[in-house]
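Below you will find the structure I want to go over with you.
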Amino acid sequence: MSTELAALLAAKIRDVPDYPKPGVVFKDITPLLDDAESFAALVRHIGERARALGATKVVGLEARGFILAAPGAYAAGAGFVPVRKEGKLPGACLSQSYDLEYGSAVIEVQVDAFSPGDRVLVVDDVLATGGTAEAALELIARAGAEVAGVVMLMELGFLGGRERLLPKLGDVPLEAVIQI
Ligand SMILES: O=P(O)(O)OC[C@H]1O[C@H](OP(=O)(O)OP(=O)(O)O)[C@H](O)[C@@H]1O
Ligand SMILES: Nc1ncnc2[nH]cnc12
């Protein structure tokens with residue numbers, strides 16, 4: 001991973017103590033998003049990784065994952081698939097419940113989101129406990145698609161998300177631009 005890109009982007013992430021709950025240090029990416037150079041560099045990176053991994057679809061995890069995955073898919077010439085919080089997608093969906101650093105939720109994907117032969121890149125802003133990403137991997141497997149890789153903007157290593165995901169990923173790469 002490029003240390004220059006990591007340094008550029010890390011400088012634009014703001015720590016917000018005790019949000020959304022006491023004891024959580026929230027990683028606010030809005031200063032990165034509203035900086036044209038940083039946002040473009042991150043989108044280019046996601047597009048490059050999607051192409052290099054042969055992804056035909058880029059999955060974004062609601063909501064912050066959408067902001068990164070959709071332009072990344074466009075940059076790669078791939079399709080975009082939203083994994084959404086419960087009740088937001090129309091039609092037949094697969095559902096998965098999970099716990100994350102500061103709560104619990106249910107995410108869903110449409111049953112027909114993927115076509116045979118699709119290779120999927122999963123994109124999100126933060127890997128914390130890994131609960132969200134693990135649930136997304138489960139959904140993608142249940143929907144019959146192959147995961148080509150997982151790309152996160154940042155990984156909060158002390159929360160153990162990587163260790164949680166590795167058994168599910170095998171040889172599939174899990175990449176984070178910034179390691180914390
Ligand atoms: O590794 P975990 O412990 O599961 O945490 C990571 C998830 O938490 C945040 O999403 P959140 O559910 O807060 O949704 P948002 O993007 O809608 O704010 C973040 O965007 C990741 O999706
Ligand atoms: N500390 C954190 N900051 C931002 N998003 C998160 N998702 C889970 N933990 C988070």
Side-chain angles (χ1 to χ4, degrees), residues 1 6 8-35 38-39 42-43 45-46 49-50 55 57-73 80-89 93-110 113 120-143 147 149-169 172-180:
M1 202 60 57
L8 176 76
L9 302 184
K12 296 288 177 185
I13 294 167
R14 177 166 54 197
D15 280 359
V16 182
D18 299 321
Y19 180 87
K21 287 185 172 172
V24 175
V25 178
F26 188 83
K27 300 290 180 182
D28 179 17
I29 65 165
T30 57
L32 184 162
L33 300 175
D34 76 20
D35 179 66
S38 303
F39 185 51
L42 178 55
V43 169
H45 173 76
I46 293 167
R49 296 311 299 147
K57 297 270 169 67
V58 180
V59 163
L61 310 185
E62 184 170 359
R64 283 169 271 151
F66 292 173
I67 302 166
L68 308 181
F80 168 73
V81 172
V83 163
R84 296 212 62 178
K85 304 270 166 63
E86 186 177 33
K88 298 288 186 182
L89 287 168
C93 291
L94 300 168
S95 302
Q96 192 74 35
S97 61
Y98 64 100
D99 293 322
L100 72 160
E101 190 186 0
Y102 39 66
S104 63
V106 176
I107 51 172
E108 297 185 329
V109 73
Q110 287 172 318
V120 176
L121 179 69
V122 179
V123 171
D124 206 352
D125 63 334
V126 176
L127 177 65
T129 65
T132 308
E134 183 182 42
L137 292 174
E138 187 68 32
L139 279 182
I140 293 163
R142 287 170 57 201
V147 176
V150 178
V151 170
M152 299 281 170
L153 166 59
M154 90 194 93
E155 174 179 353
L156 308 183
F158 57 94
L159 290 171
R162 178 172 292 271
E163 290 69 29
R164 181 173 181 166
L165 296 184
L166 281 183
K168 289 243 152 48
L169 287 170
V172 170
L174 166 59
E175 302 174 357
V177 180
I178 301 165
Q179 305 280 346
I180 294 169

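Just the heavy atoms: all of them, side chains too, but no hydrogens, waters or symmetry mates, feed the values below. For the single chain, residues carry numbers from 1 onward in sequence order. Each ligand, and each atom within it, is numbered from 1 in the order the structure gives.
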Any side-chain donor near an acceptor of the partner, Glu101 and Thr129, under 3.5 Å: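 No, Thr129 and Glu101 have no side-chain donor paired with an acceptor closer than 3.5 Å.
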
Pair Lys88 + Glu62, salt bridge at N-O below 4.0 Å: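 Answer for the salt bridge query: no.
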
Contact with ligand 1 for Gly65, non-hydrogen, under 4.0 angstrom: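 False for this residue.
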
Arg162 (side chain) donor-acceptor with Leu174 (main chain) under 3.5 angstrom: yes

Shortest protein heavy-atom distance from atom 5 (N) of ligand 2, along with the residue and atom involved: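 Heavy-atom neighbour on the protein nearest atom 5 (N) of ligand 2: Arg64 NH1, 3.0 Å.
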
Polar side-chain atom of Arg64 near backbone of Asp28 as donor-acceptor pair, under 3.5 Å: no

Ligand 1 contact by Lys85, heavy-atom criterion under 4.0 angstrom: yes

Close approach, Val25 and ligand 2, non-hydrogen under 4.0 angstrom: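 Right, Val25 reaches ligand 2.
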
Atoms in ligand 2 with a heavy atom of Leu156 nearer than 4.0 Å: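 Under 4.0 Å from Leu156, ligand 2 has these atoms: 1 (N).
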
From the candidates Ser104, Ala63, Gly160, the one that places a heavy atom nearest atom 16 (O) of ligand 1: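 Shortest heavy-atom distance from atom 16 (O) of ligand 1: Ala63.
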
Heavy-atom nearest neighbour in the protein, as seen from atom 3 (O) of ligand 1, with distance rounded to 0.1 Å: Thr129 OG1, 2.6 Å

Atom 10 (O) of ligand 1 [closest protein heavy-atom partner, distance rounded to 0.1 Å]: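 For atom 10 (O) of ligand 1, the nearest protein heavy atom comes out as Arg64 NH2, 3.5 Å.
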
Residue and atom name of the nearest protein heavy atom (relative to atom 8 (O) of ligand 1), distance in Å to one decimal: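 For this ligand atom, the closest protein heavy atom is Leu100 CD1, 3.3 Å.
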
Exercise: identify the closest heavy-atom pair between Gly130 and Leu165: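 Where Gly130 meets Leu165 most closely, the heavy atoms are O-CD2, 3.7 Å.
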
Closest protein heavy atom (residue, atom, distance) for atom 6 (C) of ligand 1: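 For atom 6 (C) of ligand 1, the nearest protein heavy atom comes out as Val126 O, 3.3 Å.
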
Student check: side-chain heavy atoms of Ile140 and Val109 closer than 4.5 Å: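 No, too far: nothing below the 4.5 Å cut-off.
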
Distance from atom 13 (O) of ligand 1 to nearest protein heavy atom, with residue and atom: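 Its nearest protein heavy-atom neighbour is Tyr102 OH, 2.5 Å.
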
Lys57 (side chain) donor-acceptor with Val81 (main chain) under 3.5 angstrom: no

Contact with ligand 2 for Asp125, non-hydrogen, under 4.0 angstrom: no

Atoms of ligand 2 close to Ala128 [distance to a heavy atom under 4.0 angstrom, numbered from 1]: 8 (C), 9 (N)

Shortest protein contact, atom 19 (C) of ligand 1 (heavy atom only):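 Result for atom 19 (C) of ligand 1: Asp125 OD1, 3.3 Å.
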
Geometric class of the Tyr102/Phe26 ring pair [parallel <30°, tilted 30-60°, perpendicular >60°]: tilted

For Thr132, atoms of ligand 1 separated by under 4.0 Å from a heavy atom: 2 (P), 4 (O), 5 (O), 6 (C), 7 (C), 22 (O)

Option whose closest heavy atom lies nearest to atom 21 (C) of ligand 1, chosen from Leu153, Leu127, Asp124: Asp124

Any N/O pair Leu61/ligand 1 closer than 3.5 Å: no

For atom 9 (N) of ligand 2, the protein heavy atom that lies nearest, with its residue and separation: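 Going by distance alone, atom 9 (N) of ligand 2 is nearest to Glu101 OE1, 2.4 Å.
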
Test item: His45 and Leu9 side chains (from C-beta on) under 4.5 Å apart, heavy atoms: no

Heavy-atom donor-acceptor pair, Glu108 side chain to Gly87 backbone, under 3.5 Å: yes

Option nearest atom 5 (O) of ligand 1 (shortest heavy-atom distance, choices Gly103, Ala136, Ala128):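 Nearest heavy atom to atom 5 (O) of ligand 1 lies in Ala128.
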
Close side-chain approach of Val126 to Leu153, heavy-atom, < 4.5 Å: no

Lys27 contact mode with ligand 2 (heavy-atom cut-off under 4.0 Å): both

Contact summary for Leu61 and Ala136, nearest pair of heavy atoms: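 Reported closest heavy-atom pair: CD2-CB, 3.6 Å.
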
Atom 6 (C) of ligand 2: the protein heavy-atom neighbour that sits closest, reported with distance to 0.1 Å: Tyr102 OH, 3.4 Å

Glu101 neighbourhood, listing ligand 1 atoms whose heavy-atom distance to it stays under 4.0 Å: 3 (O)

Heavy-atom side-chain contact between Phe39 and Asp34 under 4.5 Å: no

